[in-house]
Amino acid sequence: MTNPVFVAVDTADLARAENLVRQLSGLVGGIKLGLQFWNAHGPAGVRQVRAALGSERLFLDLKLHDIPHTVRGAVESLAPLGVDLLTVHAAGGRDMMRAAKDAAGPDVQVVGVTVLTSMAEPDLEDIGIDDSAELQVARLADLSRTAGLDGIVCSPLEVEQRRAAWPDGVFVVPGIRPEGAAMDDQKRAMPPRAALEAGATILVIGRPITSAADPAAAARAIAQSLA
Ligand SMILES: O=c1ccn([C@@H]2O[C@H](COP(=O)(O)O)[C@@H](O)[C@H]2O)c(=O)[nH]1
C-alpha cells in the first residue's frame, strides 16, 4: 500500500520545515505546505522544501478562491514549482474549478475543498447554510466532479458516502486524530485507520505528528495503526 499519510508542515520557520521533512522522510507519503509556510517563504521556500524531499509527494494547500481568470493565472504561476497536488475552494464555483484544472494540466491533481473540517452545523448556519455538513459536502463534491477536478477535501465523516458516489475520486481527508489526541480546532474528525477504511485516499495529519516530542515516532505509530 502507498503510504496515505501526508504531514501538514504548518510553520513559518523554514529550518524547522526542512528538519521535519528530513526526520519524516520514508515515514510519510507526502508533505503538505499551507498558507502559513507560503505567506512566510513563497515559491523559494517551496523549492527549498522540495530539495529536502525523498520520494514523498508535495501538496501545496493554498485553497485558491477567486474569479476564474485570477485562479487560472495563479495556477499557471505555480507550474514551475512542480507540486503534485493543489487545492481550490469548491465554493468558488464550476467555472473557477474548470479554469484551475485546465491550467494545472493532467500531471497536477486539483482537489476542491468542500466544508472545512473545523466547521460543524452551527458554523454553517453562521454563513447562511441551513443544510447538514454531509449535504453541503455532497453538493460541492458533485460540483467538483462535474467541473473536472480530480477529487475533494472533506472530513472523514463524509468520505464513505462520497467515495461511493465517485469511486475513482481522490479523497483528501484532514481532521485526523489518533485515539486520545487533542482535537485542537478540528470539529469533524476520526482516527487514521477508521478514515482510511471509510475510503480516504490521503490522510492529512499535522499537529499530532509535528507537535509530538518525537515526530518520527508519532509518524511510525500512525503507520503501524494503518498496517
Ligand atoms: O477542511 C480542511 C482543509 C484543510 N485542512 C488543513 O489540514 C491540516 C490539518 O492540520 P492538523 O494539525 O492535523 O489539524 C492543516 O494544514 C489545515 O490547514 C484542514 O484541517 N481542514
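Note that ligands are numbered from 1 as they come in the structure, with each ligand's atoms numbered from 1 the same way. None of these values were measured; they are calculated from a predicted model.
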Cut-off 3.5 Å, no hydrogens considered: what does the side-chain donor-acceptor table look like for residues 220-227, sequence neighbours left out?
{"unit_1": "Ser225", "atom_1": "OG", "unit_2": "Ile222", "atom_2": "O", "d": "2.7"}

Do the rings of Phe171 and Trp166 sit parallel, tilted or perpendicular, given the 30° and 60° boundaries?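 The arrangement is perpendicular - the two ring planes meet at more than 60°.
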Looking only at heavy atoms, what is the nearest atom pair of Arg207 and Gln186, with distance?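 Arg207 and Gln186 have their closest heavy atoms at NH2-NE2, 4.3 Å.
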Donor-acceptor contacts, no H, no angles, side chain residues 70-81, under 3.5 Å, sequence neighbours left out:
{"unit_1": "Arg72", "atom_1": "NH1", "unit_2": "Asp102", "atom_2": "OD2", "d": "2.7"}
{"unit_1": "Arg72", "atom_1": "NH2", "unit_2": "Asp102", "atom_2": "OD2", "d": "3.3"}
{"unit_1": "Ser77", "atom_1": "OG", "unit_2": "Gly73", "atom_2": "O", "d": "3.1"}

Side-chain atoms of residues 140-150: list all donor-acceptor pairs with protein atoms under 3.5 Å, sequence neighbours left out, distances to 0.1 Å.
{"unit_1": "Ser144", "atom_1": "OG", "unit_2": "Leu140", "atom_2": "O", "d": "2.7"}
{"unit_1": "Thr146", "atom_1": "OG1", "unit_2": "Arg94", "atom_2": "NH1", "d": "2.7"}
{"unit_1": "Thr146", "atom_1": "OG1", "unit_2": "Asp142", "atom_2": "O", "d": "3.0"}
{"unit_1": "Thr146", "atom_1": "OG1", "unit_2": "Leu143", "atom_2": "O", "d": "3.3"}
{"unit_1": "Asp150", "atom_1": "OD2", "unit_2": "Lys101", "atom_2": "NZ", "d": "2.9"}
{"unit_1": "Asp150", "atom_1": "OD2", "unit_2": "Val110", "atom_2": "N", "d": "2.8"}

Roughly how far, to the nearest 0.5 Å, is the CG atom of Leu157 from the CZ atom of Arg188? 7.0 Å
Amino acids in close contact with ligand 1, where any non-hydrogen atom sits under 4.0 angstrom away: Ala8, Asp10, Lys32, Asp61, Lys63, Leu116, Thr117, Val153, Pro174, Arg177, Gln186, Val204, Ile205, Gly206, Arg207, Pro208
